[in-house]
2 protein chains.
Amino acid sequence: MLYPAELRRRIFLLPVSYTAGALSAITQAGGIWGRREVWTRQNFSGNSKGSSLSEGHLPVTNTIRPDIRRPLTLRDVSEASGVSEMTVSRVLRSRGDVSDATRERVLTAARTLGYVPNKIAGALASQRVNLVAVIIPSLSNMVYPEVMTGISQVLEDTGLQPVVGVTHYLPEREESVLYEMLSWRPSGVILAGLEHTDAARAMMGNAGIPIVEVMDVDGEPVDSVVGISHRRAGLEMAGAILAAGYKRIGFLGTMMPYDHRARKRLEGLEEGLASAGITLADREFYSGGSALLKGREMTETILKRSPDLDFLYYSNDMIGAGGLLYCLEKGIDVPNRLGLAGFNGVELLQGLPRRLATMDACRLEIGRTAAQIIAGIHPGGLIGGERVELSPTLELGDTIRQ
Amino acid sequence: MLYPAELRRRIFLLPVSYTAGALSAITQAGGIWGRREVWTRQNFSGNSKGSSLSEGHLPVTNTIRPDIRRPLTLRDVSEASGVSEMTVSRVLRSRGDVSDATRERVLTAARTLGYVPNKIAGALASQRVNLVAVIIPSLSNMVYPEVMTGISQVLEDTGLQPVVGVTHYLPEREESVLYEMLSWRPSGVILAGLEHTDAARAMMGNAGIPIVEVMDVDGEPVDSVVGISHRRAGLEMAGAILAAGYKRIGFLGTMMPYDHRARKRLEGLEEGLASAGITLADREFYSGGSALLKGREMTETILKRSPDLDFLYYSNDMIGAGGLLYCLEKGIDVPNRLGLAGFNGVELLQGLPRRLATMDACRLEIGRTAAQIIAGIHPGGLIGGERVELSPTLELGDTIRQ
DNA sequence: TTGAAAGCGCTAACAT
DNA sequence: ATGTTAGCGCTTTCAA
């Protein structure tokens, strides 16, 4: 594990035996060893491969002094172009006035050297970090990559960059990922859910940056919140189920103790059913493995145990899809003998033999809105403390009788 | 977009009107305003909510001086605990000798204040960054999250942290993401594929850190490479197809101009078929949309156009799964009348009505190995320049006749 | 076991 | 339009 750092040391940190002031004075004076001439000659010649170089990126091999391989700094560029570090800094950040001639010289030098600015130093000096921490439970859930897409779409235009951390649905991991990310002093935090450890909540409260909790609005946010009410989603689904005349309802979902949103949907469902005097007839839980396969297996299990069920509500579309495939293979009459519904509105459903009833979770929009709040460009937005509740749309598909 | 930084400014940067030396002297002397006593009393009392606080994370609200809200620094902790910044630094990094009593005082103070170390400053001072840049084409492809999982598994034990960047299969985006990430001076880079812009290649060559290109080994790596030969994968699939006696083969894949690995598999397939004197009978391409649905549609299209095809090779499992579902619905005899195969070995296949023939792409192992190389813990590893070719296993499933 | 000094590579603020 | 000065918040190195 020491290798990377150690190796860099060995390769790079060869002695540089003159002081800063001295060197730049030398350079400015033309160089006692004719140094600037050397740089100049080699720098501004050919070497124009890579059209993208013109876009402001500054790569290409350092052909000048291949013998001295140490990390390049602003000073190297300043020496190579004969201007001060400050001017180089201005050019590379396109800030302040710089003459065209100077800009050209600097850019060419930077490009030729292959200089990549050091954002660590830049961030420390400017107290500005263009990073946004995005903390999500999982990457394999399809749902979160879509939120990410929304976030990226918006941040792209703002100069901010998302940095992803994954918690695996573990509160302690969320806490440590958050800690790690906050230690890089990001410009904002977007994280899934409203349930966090006390410590995590405290860290966010103290961070002094915009925090947006996403996906869920049923609870007390630290700062801003963007999402849907999963409780209401469950309620609405209960309404649709009852309206279609189903009576014996089963629930199938994850066993994860921290899948709060699935839990809230279940609670909403039960509440809705209760208002019609119905209680959940059976339930089945799973954890891990291929969700599609689990959906099949759970469906088989619950139907064997409770053959009189006439509706199955799945906590997500993947297990719902598995259930749907199972039912079709078994020749079960969907939706008349048995109704089915999932949750999320994932793209995958479009390719199934029947359209599974589902509820769109507004993932893209959630991501976009959260990013807008972080970037301070949310239309009509306050400074902090926003609450945006989106309305998921129920799609009855072909698996709820109408 | 200025909001975050600006806001922090306004909130935090209230004047602090004494010098560093003075204050710490005061604190150490007991405080001219009895300051240390105040800290002590309030700091070391109750407030022990959040068991995770004991784990080394240091949150909890700053209850001491809620009126002065500026970002906490080492100095705040040093003042609060009455030791030098250096000692605090030692405690928080568990480096060097510190007496138990001092350590306790420091930790308690840090915890109580909710201090989160500033890694930007730390990284600049130590020239050490525990970040590993991971650059992948997409998050929605299921394949890459699995590689990520392998990477995370290994890095977890090393103190290194993956940071993800997404290119959307665009070389220019890869270049800019790489540039952005290198500017944070990570300890290593893991990126998908061997095809990059000249500029990107040059940046990596100059970065002086371990670079691991993953997924594919057919080409010239910048430094190390871990993957499978997609060309060979195509070849082997051709062998299996021919061995099963199929003759009229169609290919279905992405249209993305930069999906080099799919292209190489196709080339390998064609090469393998050619050795038996067979050429591809038809091909169909897609881009965007639900892969499962596209798989269906493409299958319908290609079969309408070329009804005599007896085998379909899909460039990925999702479109293959769509094709499989389509064929089953249409009552096509799979695998006798028509054979099918995909690529990747995704988990989803386990839940389908039949097991689609596929080839496991060793994604988890690729991620793990790449991370080991970055961390310098690859068994028998060199320092840089490693080449690890893994062998994907062909799974015939139920869609190639045997 | 602890502390003081120097400086990492940049940028803000203020010259010029 | 360009340069100088003084840090940003830490860690390294050396001294005590």
Side-chain angles (χ1 to χ4, degrees), chain A residues 5 8-9 12-13 16 19-21 23-25 27-28 70-79 81-106 110 115-130 183-185, chain B residues 5-6 8-9 12-13 16 19-21 24-25 27-28 70-79 81-106 110 115-130 183-185:
Chain A
R8 287 174 70 185
R9 289 274 149 84
F12 287 138
L13 300 185
V16 180
T19 71
L23 230 201
S24 68
T27 311
Q28 284 159 46
R70 62 179 162 65
L72 294 166
T73 70
L74 261 195
R75 175 95 127 283
D76 293 295
V77 182
S78 108
E79 285 163 11
S81 52
V83 297
S84 72
E85 294 177 43
M86 202 47 230
T87 300
V88 175
S89 172
R90 287 196 183 100
V91 170
L92 297 183
R93 288 177 300 139
S94 329
R95 204 142 308 203
D97 294 321
V98 182
S99 75
D100 285 354
T102 307
R103 186 197 328 286
E104 268 322 300
R105 286 157 51 84
V106 168
Y115 174 70
V116 177
N118 185 332
K119 287 219 179 184
I120 295 175
L124 184 61
S126 66
Q127 301 286 69
R128 234 181 270 282
V129 179
N130 72 332
S183 74
W184 288 101
R185 301 292 188 263
Chain B
E6 288 310 332
R8 287 174 70 184
R9 286 276 148 83
F12 286 141
L13 299 185
V16 180
T19 71
S24 69
T27 311
Q28 285 159 48
R70 63 180 162 64
L72 293 167
T73 69
L74 262 195
R75 174 98 126 283
D76 294 295
V77 182
S78 107
E79 284 163 11
S81 51
V83 297
S84 71
E85 294 176 43
M86 203 44 235
T87 300
V88 175
S89 171
R90 288 196 183 98
V91 170
L92 297 182
R93 286 176 301 139
S94 329
R95 204 141 307 201
D97 294 321
V98 182
S99 73
D100 285 354
T102 307
R103 185 195 331 285
E104 268 323 300
R105 285 159 49 84
V106 169
Y115 174 70
V116 177
N118 185 331
K119 287 219 182 187
I120 295 174
L124 184 61
S126 67
Q127 300 286 72
R128 236 182 268 282
V129 179
N130 73 332
S183 73
W184 288 101
R185 302 293 188 261

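Just so we're on the same page: letters track the sequence lines, and every chain starts at 1.
- The closest side-chain heavy-atom distance from L72(A) to V77(A) is not below 4.5 Å.
- Between T73(A) and dG9(C) there is no side-chain polar atom (N or O) within less than 4.0 angstrom of OP1 or OP2.
- Atom pair D76(B):CG and dC8(D):P shows a separation of 13 Å (rounding to whole Å applied).
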Verdict with reasoning, R93(B) to S89(B), per side chain to side chain donor-acceptor pair (under 3.5 Å): CA-CA 6 Å; R93(B) 286 176 301 139; S89(B) 171; 2.9 Å; yes
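- You'll find the side chain of W184(A) reaches within 4.5 Å of the side chain of V129(B), heavy atoms only.
- Within the 4.0 Å cut-off from OP1 or OP2 of dG3(C), at least one side-chain nitrogen or oxygen of S84(B) is found.
- Spacing between atom CZ of R95(A) and atom P of dA1(D) amounts to 16 Å, rounded to whole angstrom units.
- Put simply, T87(A) has a side-chain N or O that comes within less than 4.0 Å of OP1 or OP2 on dG3(D).
- Contact check, Y115(A) against dC10(C): a side-chain N or O comes under 4.0 Å of OP1 or OP2.
- Between V106(B) and V83(B) the shortest side-chain heavy-atom distance falls below 4.5 Å.
- For T102(A), a side-chain nitrogen or oxygen approaches OP1 or OP2 of dT2(D) to under 4.0 Å.
- Close to dG7(C), at under 4.0 Å from its OP1 or OP2, lies no side-chain N or O of Q127(B).
- Taking only side-chain nitrogens and oxygens, S99(B) comes nearer than 4.0 Å to OP1 or OP2 of dT2(C).
- The side chain of A125(A) approaches dC8(D) more closely than any other nucleotide in the set dC10(D), dC8(D), dT2(D).
- Among the atoms of the strands shown, only primed sugar atoms or phosphate atoms (P, OP1, OP2) are found under 4.0 Å from some heavy atom of N118(A).
- Rounded to whole angstrom, the span from the CZ atom of R103(A) across to the P atom of dA1(D) amounts to 9 Å.
- Between the P atom of dG9(C) and the CE atom of M86(A) lies a distance of 17 Å, rounded to the nearest Å.
- Going from atom CG of L124(B) over to atom P of dA6(C) covers 18 Å, rounded to whole Å.
- The phosphate of dA12(C) has OP1 or OP2 within less than 4.0 Å of a side-chain N or O from R93(A).
- One N or O donor and one acceptor, one from the side chain of R90(A) and one from the base of dG3(D), sit under 3.5 Å apart.
- Put simply, the side chain of V88(A) reaches to within 4.5 Å of the side chain of S81(A), judged on heavy atoms.
- Atom P of nucleotide dT12(D) and atom CG of L92(B) are separated by 14 Å, given to the nearest angstrom.
- Here dT11(C) presents its P atom at 15 Å from CZ of R75(A), a figure rounded to the nearest Å.
- Taking atom CD of residue E85(A) and atom P of nucleotide dT2(D), one finds them 16 Å apart after rounding to whole Å.
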